[in-house]
Student: 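Quick one: the structure is below, questions incoming.
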Amino acid sequence: MTTARNGGVDPITMEILSHRLHQIAREMGITLERVGGTVNTTQQHDYMASLYTADGDVLSGGESLGQHVACAGFAVKKIIERFEHGDGIFPDDVFLLNDPYQAAIHQSDVYVLSPIHHEGRRIAWSATFVHVMDIGALSPGGNSPAATDICHEGVRIPGIKLVERGKLRGDVFDAFVTMTRQPIMVGLDLKCEIAANNVAKARVHEVVDQYGPEMLEAVSREIIRFTESVLRERIREFADGSWSETGLIQGDETWKMHVTLTKRDDRLIFDFTGSDKQAKTGINLPYHATYGTCFAAVLSTIGYDIPKNHGAFAPIEVVAPPGTVANVQYPGPVSLNTTSGGATARYLAPAVMMQMLATNEHWRDEVMAHDAGHRFARHAGVNQYGRYYVSSLSEGAIDGRGARADKDGVDSGGRGWSSCQNIEWVEQNFPILYLFRRHLKDGAGAGRFRGGTGSETALTVHDAPEGQIRGVALGVAGLRNSGQGMFGGLCGAPSLLVLKEETNIWDTMSENRHPVDVEAMGGTSEMLPYCDFDVKDGSVLYMRLANGGGYGDPLDREPEAVLRDVANGLVSREVAQDIYGVTLTPSETAVDAAATEELRAAIRAQR
């Protein structure tokens, strides 16, 4: 084996083992899906699987959501701090942690962490998290709008041994799962996490058996050094400066989250000073979660093509004043945060990064519009088989993505960590009937490149033994929660969550007509804030998901692209004319080029 220029590792071995570590993290995720039986793992993919060094630094984030990769690193370090000189950390131990004041984002995110030893010496860690089906909080599923402090939000474990020297601690396992509404499903979540960590341990041992622990350690150091050096080099390409953005979370109150990004030499400083004080509603983020959003934003913009590891920590500094919505302090509630404060932070951090990218000619083509979140719901009750259940409506996975500098956003593209539940599966397992799921017409933000179109969904209760189910409304409320336009592009239509009661849908269906027009369903409508609610027989829950923002002036969009959107039912003839300045022939099969040129000139003259 040849000697390398850095770390004593030759480049070929470096590439092989770097990719092998990445594949181990991927296989951990696949194991979670195959062993787990809950909708969160098998369909929504609300999980994380990653590898860490012996002292808890991120080694390989795999393809998991960056925010959780960072938080799990905090979790490993907390376990080391708690157990290293206390009860000890031994081969085949497995630890559980879900305390938001330690490392989790909210209690529903249960981290399972496993040390990996070779001949008695700790050489690495593996970590997983799954958003469990229930955590014993006020509301079914764990997201609790009525919670005013952390003690209302379910089981909270700052770190405990779940498996001790290879033996499952049945007392700990049983105590944890029986404090939830879904002990069997939560138990399955924990078992799939243990299985994934066991896979990681076996695969790392295979690497060590083939290459030796010294080589693994050298490669670990080198890939972390590589990520840091590349990021610092890329940061230096930008002129020093500062960029700011503000996001609002609107419920019964309105909370502001603000960030200023300062680029200085080869460092990026994200400063959340100016954010509101922490709320008595669970929209607050812990510091490590805020840090994780910045970590993810940097890697997804200027670090999208390099290994996702601890090297990205070094050039980043995150300032978040204690006691604010970006750095909650005990006993502030957090249960709604991943889809409210977290979604807002996941908008703000990339938004200021995009502002920075726009100042550099080389990076400008990487700029894209981002959305600030969406509404969605959880549901619970007795299903058609007489069994109590708790689940989620993961419609938020089919929102529209923002437009890019050179192409449209992705329609119903969803977020990288989740997918959309299968309607037939939902109707088979829960007392729910979908009336429709479709793309929203005229929802995408207009622009030279339009945003991605999100979905709209309507559902009702069907074959429910109790005649109703319980719902929990969450997500980013407010009318600016969809994609934000850039460089003259328009915002996407806002995400909404509406409960319609005493509708006429059953009368419509008895006449063999399909109720597809929301306004024609009759009844009363209520825009749902953060709250618990009931969906009763004859009621309709309407969800409109986020739509991507546009990029550039809509009048610069190719007329043929507008025609194509009209033909596909994504844009109406009226919007084509009024917003895009495109005149179509009466049959809507072609563009009237002369009339379009004249109309666009008139619109520009009126500006």
Side-chain angles (χ1 to χ4, degrees), residues 65 245 247 296-297 300-301 304 339 343-344 346-355 357-358 363-376 394-420 437-457 475-476 479-496 543-572 575-576 579-580 582:
L65 188 68
E245 185 61 274
S300 65
T301 51
Y304 63 90
T339 59
T344 304
R346 288 193 298 272
Y347 161 68
L348 292 175
V352 288
M353 286 296 296
M354 291 301 166
Q355 292 179 39
L357 264 60
W363 287 95
R364 193 165 297 161
D365 286 346
E366 299 295 332
V367 172
M368 68 173 287
H370 281 264
D371 71 72
H374 54 257
R375 305 303 315 280
F376 69 104
S394 65
E395 307 300 330
I398 47 175
D399 54 352
R401 310 311 294 147
R404 292 156 284 184
D406 58 351
K407 62 186 71 174
D408 294 345
V410 179
D411 298 327
S412 58
R415 297 172 183 272
W417 55 275
S418 63
S419 65
C420 183
R437 178 194 277 167
R438 64 197 182 198
H439 282 132
L440 176 68
K441 181 178 282 190
D442 295 333
R448 178 183 180 187
F449 298 105
R450 66 164 175 81
T453 299
S455 75
E456 59 175 350
T457 299
V476 178
L479 298 181
R480 293 189 67 245
N481 57 354
S482 261
Q484 307 300 301
M486 300 187 72
F487 301 111
L490 303 185
C491 295
S495 176
L496 306 175
M543 289 176 285
R544 182 206 287 173
L545 282 307
N547 291 268
Y551 186 105
D553 191 336
L555 296 183
D556 292 333
R557 185 165 177 78
E558 288 291 337
E560 291 298 324
V562 177
L563 173 64
R564 185 166 56 250
D565 288 340
V566 172
N568 289 333
L570 302 180
V571 172
S572 67
V575 165
I579 303 299
Y580 289 103
V582 173

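Hydrogens, waters and symmetry mates play no part in the numbers below; they use all other heavy atoms, side chains included. Along the sequence shown, residues are numbered consecutively beginning with 1.
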Student: Can you measure from CZ (Arg437) to OG1 (Thr457) and round to the nearest 0.5 angstrom?
Tutor: 5.5 Å

Student: Minimum heavy-atom separation for Ser495 to Gly373, with atom names?
Tutor: CB-O, 4.4 Å

Student: Please confirm whether the backbone N or O of Asn547 pairs with a side-chain atom of Ser482, one donor and one acceptor, at under 3.5 Å?
Tutor: yes

Student: Output yes when Asp408 and Arg564 qualify as a salt bridge under the 4.0 Å nitrogen-oxygen rule, no when they do not.
Tutor: no

Student: Nearest 0.5 Å, please: how far is NE2 in His374 from CE in Met543?
Tutor: 10.5 Å

Student: So, taking the atom named CD in Glu558 and the one named CZ in Phe449, what distance separates them when rounded to the nearest 0.5 Å?
Tutor: 8.5 Å

Student: Quick one: closest heavy-atom pair of Ile579 and Leu555, and the distance?
Tutor: O-CD2, 3.7 Å

Student: Is there a donor-acceptor pair under 3.5 Å between the side chain of Asp553 and the backbone N or O of Gly488?
Tutor: no

Student: How close do Ala349 and Ala297 get, heavy atom to heavy atom, and via which atoms?
Tutor: CB-CB, 3.7 Å

Student: Is a donor on one side and an acceptor on the other found under 3.5 Å between the side chain of Arg364 and the backbone of Ala358?
Tutor: yes

Student: Working to the nearest 0.5 angstrom, can you tell me the gap between Tyr580 OH and Asp556 CG?
Tutor: 11.5 Å

Student: For the CD atom of Glu366 and the OG1 atom of Thr301, what is their distance to the nearest 0.5 Å?
Tutor: 9.0 Å

Student: Please find the pair of heavy atoms, one from Ala351 and one from Glu245, that lie closest to each other, and give the distance.
Tutor: CB-CG, 4.0 Å

Student: Looking at Gln484, Arg346, Arg401, which one forms a side chain to side chain donor-acceptor pair (under 3.5 Å) with Asp371?
Tutor: Arg401

Student: Is the CZ atom of Arg480 crowded by more than 12 outside heavy atoms at less than 6.0 Å?
Tutor: no

Student: For Val367 and Leu357, work out which heavy atoms get closest and say how close.
Tutor: CG2-CB, 3.9 Å

Student: To the nearest 0.5 Å, tell me how far Leu545 CG sits from His439 NE2.
Tutor: 10.5 Å

Student: Would you mind checking if Arg404 and Asp365 are paired as a salt bridge, meaning a charged N to carboxylate O distance below 4.0 Å?
Tutor: no

Student: What is the minimum heavy-atom distance between Ala444 and Gly451, and which atoms define it?
Tutor: CB-O, 3.0 Å

Student: Which of these passes side-chain contact (heavy atoms from CB on, under 4.5 Å) with Thr344: Asn481, Thr339, Val476?
Tutor: Val476

